[in-house]
2 protein chains.
Amino acid sequence: MKISELAKRTGLSAHTIRYYERIGLLPFADRDAGGQRDYDEAILVWIGFLKRLKTTGMPIREMLLYAELRAQGDQTGPQRRKLLELHRERVREHLAELEASLLVLDTKIDTYVEAEKRTQNHDNSTQIRRNQIGARAARS
Amino acid sequence: MKISELAKRTGLSAHTIRYYERIGLLPFADRDAGGQRDYDEAILVWIGFLKRLKTTGMPIREMLLYAELRAQGDQTGPQRRKLLELHRERVREHLAELEASLLVLDTKIDTYVEAEKRTQNHDNSTQIRRNQIGARAARS
DNA sequence: CTAGGGGTTTGAGCGCACTCTAAGTCAAGG
DNA sequence: CCTTGACTTAGAGTGCGCTCAAACCCCTAG
């Protein structure tokens, strides 16, 4: 698979894929006869995991550390586990903050909705008054 | 309250508070006799809300838009409500992604934990074998 | 009177994560 | 053969959100 297809399948741009390779997040890609990057499906799994880390706010520096540990082989498993556990804790905290903020947002939106309802009611009263005046006018 | 106290009470730096004022996120502060910024408690509520927006990932540009609408008075209520509703939807989506990623993280960590258990068991078996050998050696 | 510890301004600098540019190579189709 | 278009590189540029530097002002305590 060439870089443009990998880009399409991962949602990353070709630029970003090269950038990730350059900084060490992705392994150096194999090249075809023409010297162009030629990817194996396997890379999709790794990129998928990187995207999870990114989604959860892990800085590239730390992904890089993870990638380096991974490249060093099985004996770095415990370090990688600890890194992920620390990260998970941060994500949980962030999640809790988000949920709290979402409640605040709900409340705030509600106050706007209530304010709009009141305005709506005022309009209605005005409308009713107009109708009454109109009715009176019609009667006279 | 002077800027350093406001900084302490909001968790923002004095630098950041001045920056927020400069770009329009905070109203121009009143000054005391010596020309120094002198804040009223009321600012804490606004900063608190800004921090919620920030926590939930709203870009400064958009907070700025919200702040400008707010400064224009009550009649911008509906626009502000819509802005917050759109933002809330994005936050909910992000929250869902985070939760999904958290599950992936859990699974990944589990595989490391399992791998370590196996290593541990190997050690144990080795240990047992050693003991057995030791026992045999002791018997002989 | 002076030193210290606030505060003030304008504008430059920084870290992050891309994103793009320029100049070049290569393979396939007309 | 020539054009087209996807690829290559090194390195510059971008947008965001701060963060800091330099030079200055002002109040208070010793």
Side-chain angles (χ1 to χ4, degrees), chain A residues 1-40 43 46-68 87 90-91 94 97 101, chain B residues 1-40 43 46-68 87 90-91 94 97 101:
Chain A
M1 163 178 29
K2 281 189 277 181
I3 199 169
S4 62
E5 201 198 330
L6 182 61
K8 204 180 307 167
R9 292 179 63 175
T10 59
L12 299 177
S13 75
H15 282 309
T16 301
I17 293 169
R18 290 194 203 97
Y19 165 70
Y20 279 2
E21 180 181 312
R22 203 159 62 209
I23 65 173
L25 260 195
L26 296 181
F28 291 109
D30 293 339
R31 302 305 179 111
D32 66 13
Q36 297 184 186
R37 288 174 182 79
D38 191 11
Y39 293 96
D40 188 277
I43 196 74
W46 176 232
I47 292 180
F49 186 62
L50 286 179
K51 288 184 75 179
R52 290 296 185 184
L53 294 182
K54 181 172 145 66
T55 296
T56 52
M58 183 184 282
I60 281 188
R61 272 190 326 286
E62 205 163 323
M63 296 188 209
L64 220 41
L65 176 57
Y66 183 87
E68 280 159 13
H87 181 59
R90 288 193 310 246
V91 176
H94 185 208
E97 279 179 356
S101 295
Chain B
M1 147 178 45
K2 281 188 277 179
I3 200 168
S4 62
E5 202 200 329
L6 183 61
K8 204 181 306 164
R9 291 178 64 174
T10 59
L12 301 177
S13 75
H15 282 311
T16 301
I17 292 170
R18 289 193 205 97
Y19 165 71
Y20 279 3
E21 180 181 312
R22 204 158 61 208
I23 65 174
L25 260 195
L26 297 181
F28 291 110
D30 293 337
R31 302 306 179 108
D32 66 12
Q36 296 185 188
R37 287 174 183 79
D38 190 13
Y39 292 96
D40 188 278
I43 197 73
W46 176 234
I47 292 180
F49 186 62
L50 287 179
K51 289 184 76 180
R52 290 295 185 184
L53 295 182
K54 181 173 146 66
T55 297
T56 52
M58 181 183 285
I60 281 188
R61 272 189 327 285
E62 206 164 323
M63 295 188 211
L64 220 41
L65 176 57
Y66 183 87
E68 279 158 13
H87 180 58
R90 289 194 310 248
V91 175
H94 184 208
E97 279 179 357
S101 296

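Because only heavy atoms are used, hydrogens play no part in the values below, and waters and symmetry mates are left out as well, while side chains stay in. Treat the numbers as computed from the prediction; the structure is a model and nothing was measured.
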Heavy-atom contacts under 4.0 Å between residues 48-60 of chain A and DNA chain C, which residues?
A/Lys54, A/Pro59, A/Ile60

Among residues 24-37 of chain B, which residues get a heavy atom nearer than 4.0 Å to DNA chain C?
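Output list: B/Arg31, B/Gly35, B/Gln36, B/Arg37.
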
How many whole angstroms separate atom [atom1] of [X] from atom [atom2] of [N]?
X       : N      : atom1 : atom2 : answer
B/Ile3  : C/dT8  : CD1   : C1'   : 10 Å
A/Met1  : D/dC7  : CE    : P     : 12 Å
A/Leu64 : C/dC18 : CG    : C1'   : 15 Å
A/Arg22 : C/dC20 : CZ    : C1'   : 11 Å
B/Glu5  : C/dG5  : CD    : C1'   : 16 Å
B/Ile23 : D/dG17 : CD1   : P     : 8 Å
B/Asp38 : C/dG7  : CG    : P     : 12 Å
A/Tyr19 : D/dT14 : OH    : P     : 17 Å

Check DNA chain D against residues 6-18 of chain A and give the residues with a non-hydrogen atom under 4.0 Å, in numerical order.
A/Arg18

Atom pair [atom1]/[atom2] of [X] and [Y] - distance to nearest 0.5 Å:
X       : Y       : atom1 : atom2 : value
A/Thr16 : A/Arg22 : OG1   : CZ    : 10.0 Å
B/Leu6  : B/Ile3  : CG    : CD1   : 7.0 Å
B/Glu68 : B/Leu64 : CD    : CG    : 5.0 Å
A/Arg18 : A/Ser13 : CZ    : OG    : 8.5 Å

Could you tell me if the side chain of B/Ile47 sits less than 4.5 Å from the side chain of B/Tyr20, heavy atoms only?
no

Can you give me every donor-acceptor pair (side chain of residues 24-36 of chain B, partner residue at least two apart or in another chain, under 3.5 Å) with its distance?
unit_1	atom_1	unit_2	atom_2	d
B/Arg31	NH1	B/Gly35	O	2.9
B/Asp32	OD1	B/Gly34	N	2.9
B/Asp32	OD1	B/Gly35	N	3.1
B/Asp32	OD1	B/Gln36	N	2.9

Check whether B/Asp38 reaches the backbone of B/Lys2 with its side chain - one donor and one acceptor, N or O, closer than 3.5 Å.
no

For the side chain of A/Tyr20, counting heavy atoms from C-beta on, which of D/dA6, C/dT8, C/dC18 is nearest?
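Closest nucleotide among those given: C/dC18.
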
Taking salt bridge (charged side-chain N to carboxylate O under 4.0 Å, His left out) as the definition, give me every residue that meets it alongside A/Arg9, ordered by chain and number, with sequence neighbours left out.
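Salt bridge (charged side-chain N to carboxylate O under 4.0 Å, His left out) check on A/Arg9 returns A/Glu5, A/Glu41.
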
Can you give me every donor-acceptor pair (side chain of residues 49-61 of chain A, partner residue at least two apart or in another chain, under 3.5 Å) with its distance?
unit_1	atom_1	unit_2	atom_2	d
A/Lys51	NZ	A/Thr10	O	2.5
A/Arg52	NH1	B/Ser101	OG	3.2
A/Thr55	OG1	A/Lys51	O	2.8
A/Thr56	OG1	A/Arg52	O	2.9
A/Thr56	OG1	A/Leu53	O	2.8
A/Thr56	OG1	A/His87	NE2	2.8

